[in-house]
Number of protein chains: 2
Amino acid sequence: MTARPDTPRSRRERPAKPALSREGIVAAALGVLRAEGLRKVTMRRLAQELDTGPASLYVYVRNTDELHAAVLDELLGTVGPAPAEGSWRERLEQVLTAYTEMLLAHPSLARSALTARPSGPHYLNLIETLLALLDEGGVPRAQAAWGVDLLLQHATAMAAEHAGQDDSPTAQQEWDALGAALRDTSGTTHPHIRASAGELLAGAHEARLSWALQALINGIERTAVPG
Amino acid sequence: MTARPDTPRSRRERPAKPALSREGIVAAALGVLRAEGLRKVTMRRLAQELDTGPASLYVYVRNTDELHAAVLDELLGTVGPAPAEGSWRERLEQVLTAYTEMLLAHPSLARSALTARPSGPHYLNLIETLLALLDEGGVPRAQAAWGVDLLLQHATAMAAEHAGQDDSPTAQQEWDALGAALRDTSGTTHPHIRASAGELLAGAHEARLSWALQALINGIERTAVPG
DNA sequence: ACCTGAACACCGTTCAAGT
DNA sequence: ACCTGAACACCGTTCAAGT
């Protein structure tokens, strides 16, 4: 926990290339992530950042996917604990909103988190918190267990949807294309879209997230697990 | 619609390199996708497949993301229309299950669909179908509109979660790591996880999908849109 | 054990030049 | 207009060799 891999001697020379370590690699990755996005968090780029060759990193990190998962685990630590006030529903929504907003700051990471779920301590704490809140709300255990999965998946997916906006400029165009397609739809072939085009595209992102979380919680609460 | 870009003359020589076309490129992409996964659906590989240079493809396709979106749009056509029998809930669940299962056959594509939403005719038809079923169920229009988004997102995210399994062998290990972490959790620090570990990991994939869709529908039905 | 240079086998995309 | 070769600027990962 408190181990400091840095050599403590303070030479006054050039930064004096610090020894490699998993922590150092993850820290460098976080820096590049914040500065230039996940697409630049590559083995080669990190090696360059740490003044070594890409092969050296493989001593500490199995591959690129594992590196990305480690970065997410690190960021998960910045999401605070559950608030103390409010009903269990409100607190549940707040925890999930905080998680989603963290991911929204790094949508490309959310995208990768969907595939490579983190399994670090911070993620476990989050699951524990969610289970506790659902239990407090009297949601049966089996429903709560599957519900946690549903809630985390939605939060992650919602954030992942915004990836590419930061990564590639094309994704935004793709989204605009859907909006245009919805608006231009013929009323004879797609009457329901025509009638709902406004609503389909309406709503601030915060309002939609809040509504979605409430709908999920309501659904989880009311839907029994089979068997 | 019925335009055939192929030159009709039937030379008996070698396959006689057919003229390039967007359709031909998408078709080749589908072939590579099915045979080797999305990771191999690259401009260079497709160019090789079509016996030309990568630069030639840029006449028909803006970039790799757009190519992937076009492939998904194509696959969306293979999902049949809504069934005629059953309650609106059952039919809604069936349509979404069919959509999810199509995506599950190509999880890496689902992953990319989360970011670059398709906007082709097949996608619009799907939205129309979902809106019609929710309307039939008496779900208010505003709720239905946001609900469709939620339903499609869940289906896509659920499939996307399985990406990497086909793509990279590491993803499976990552998922196993989460399972192990959940099982090994201490009962003192994470009592709810300890009590629910079995339930968190239980359930066949079909049962979980079915439950999730029902929970979503129940939640959408009962949660009013603000304002 | 840790670190490295060099190599292998790839990418997306652009551009000037050809037809 | 369509097509192309060649180039630019990158990737992940492995391996034999060094310390």
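Residue numbering restarts at 1 for every chain, and letters A, B, ... go by the order of the sequence lines.
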Once you round it to whole Å, what is the distance between P of C:dG5 and CG of A:Leu50?
14 Å

Counting side-chain heavy atoms from CB outward, which of C:dC3, C:dA6, C:dT14 is closest to B:Ala55?
C:dT14

Establish, with yes or no, whether the OP1 or OP2 oxygen of D:dC3 is under 4.0 angstrom from a side-chain nitrogen or oxygen of B:Thr52.
no

Considering only atom P, compute the distance from D:dA9 to C:dC10 and round it to an integer number of Å.
23 Å

Does A:Ser56 reach a base, just sugar-phosphate, or nothing at all? Heavy atoms under 4.0 Å.
base

Mind listing the closest non-hydrogen atom pair of A:Ala159 and A:Thr100 along with its distance?
CB-O, 4.3 Å

Measure the distance from CZ on B:Arg39 to P on C:dG12 and round it to the nearest whole Å.
13 Å

Atom pair distance, as rounded to whole Å: CZ in A:Arg22 and P in C:dC2
14 Å

Pairing pattern in dot-bracket form [Watson-Crick, G-U; both distances under 3.5 Å; | = partner strand] for DNA chain C
||.|||||...|||||.||

Mapping A:Arg44 and A:Val59 to their closest nucleotides on DNA chain C, which lands nearer the 5' end?
A:Val59

Below 4.0 Å: OP1/OP2 of D:dT13 and any side-chain N or O of A:Thr64
yes

Residue A:Tyr60, side-chain atoms from C-beta onward, closest of C:dC2, D:dT14, C:dT13:
C:dC2

Please tell me whether A:Glu161 and B:Thr115 have a donor and an acceptor in their side chains that are separated by less than 3.5 angstrom.
no

Mind calculating the distance between OH (A:Tyr58) and C1' (D:dT13) to the nearest angstrom?
5 Å

Give the rounded distance in Å between these two atoms: CG of A:Leu46 and P of D:dC11.
10 Å

With B:Ile25 as partner, the option from B:Val59, B:Leu57, B:Val71 fulfilling side-chain contact (heavy atoms from CB on, under 4.5 Å) is B:Leu57

CZ of A:Arg45 versus C1' of D:dC10: gap in Å, rounded?
12 Å

Between C:dC2 and D:dA17, how far apart are the C1' atoms? Round to whole Å, please.
13 Å

Distance check needed: C:dG12 C1' versus B:Leu38 CG, whole Å only.
15 Å

Per the side-chain hydrogen bond (donor to acceptor under 3.5 Å, both in side chains) rule, which among B:His190, B:His192, B:Arg194 passes with A:Glu128?
B:His192

Looking only at heavy atoms, which two atoms of A:Ala202 and A:Arg208 are closest? And how far apart?
O-NH1, 2.9 Å

Heavy-atom closest contact (B:Gln153 atom, B:Leu114 atom, distance):
O-CD1, 4.3 Å

Can you measure B:Gln48 atom CD to C:dC10 atom C1' for me and round it to whole angstrom units?
11 Å

Residue from A:Thr97, A:Leu103, A:Val95 passing side-chain contact (heavy atoms from CB on, under 4.5 Å) with A:Tyr99:
A:Leu103

